[in-house]
Amino acid sequence: YGTFSSNSFLYCKLRLVSNGKYESRTNKREIKNSCVIWNEPFEFDINMKEEPSPASLQKIMVRISVRQDLPGSKDEVKLGYVDVSHIFVY
C-alpha cells in the first residue's frame with residue numbers, strides 16, 4: 001500500500017476518542033509532490049463535568065487517521081493515525 005499513483009487521493013477521518021461523540025471526514029485531496037495539505041477547521045462539542053472543582057483538568061483526545069480509497073473499489077486503506085490530546089483547565 002505504500003505506492004501512490006499520480007492521481008491518488010487521501011482524506012482524514014477525525015474521531016473524538018474521549019468526552020463526547022464526534023466523527024467527521026476531510027475532503028479528499030490529491031497527492032502533489034509527495035504532500036497533501038488539509039486546511040479545514042473542525043468544531044465539536046465535548047462533555048464537561050457538571051460541577052468542576054477549582055482548577056479542574058480534563059483531557060480531550062482526538063484520533064486523526066489518514067486513509068486512501070482503493071482504485072476501482074469502495075474499500076479504503078488506513079495508512080496511519082495519530083492521537084492528539086489537549087488538557088483543558090477550567
Is there a side-chain contact between Val62 and Val17 (heavy atoms, below 4.5 Å)? no
Measure from NZ or CZ of Lys13 to the centre of the six-membered ring of Tyr11, then state whether that distance is under 6.0 Å and the direction lies within 45° of the axis. no
Step by step, would you call Phe42 with Thr26 a side-chain contact (heavy atoms from CB on, under 4.5 Å)? CA-CA 9 Å; Phe42 288 89; Thr26 64; 3.8 Å; yes
CG on Asp69 to NZ on Lys74, rounded to 0.5 Å: 11.5 Å
Spacing of CG belonging to Leu79 relative to CD belonging to Gln68, to within rounding of 0.5 Å: 5.5 Å
Evaluate salt bridge (Lys or Arg N to Asp or Glu O under 4.0 Å) for Arg25 paired with Glu76, printing each intermediate quantity in order. CA-CA 13 Å; Arg25 293 176 181 232; Glu76 63 184 29; 3.5 Å; yes
Atom SG of Cys12 and atom CZ of Arg29: how far apart are they, to the nearest 0.5 Å? 10.5 Å
With Trp38, which of Leu10, Asn27, Ile64 fulfils side-chain contact (heavy atoms from CB on, under 4.5 Å)? Leu10
What about Tyr22 and Val82, same hydrophobic cluster or not, with Ile/Leu/Val/Met/Phe/Trp/Tyr joined at side-chain heavy-atom distances under 4.5 Å? yes
Straight-line distance of Arg15 CZ to Asp83 CG, nearest 0.5 Å: 8.5 Å
For Arg67 and Ser65, which I'm curious about, is there any donor-acceptor pair between the side chains at under 3.5 Å? yes
Would a hydrophobic clustering, with Ile, Leu, Val, Met, Phe, Trp and Tyr connected at side-chain separations under 4.5 Å, put Tyr81 with Val36? no
With a 4.5 Å cut-off on side-chain heavy atoms, are Leu14 and Glu23 touching? no
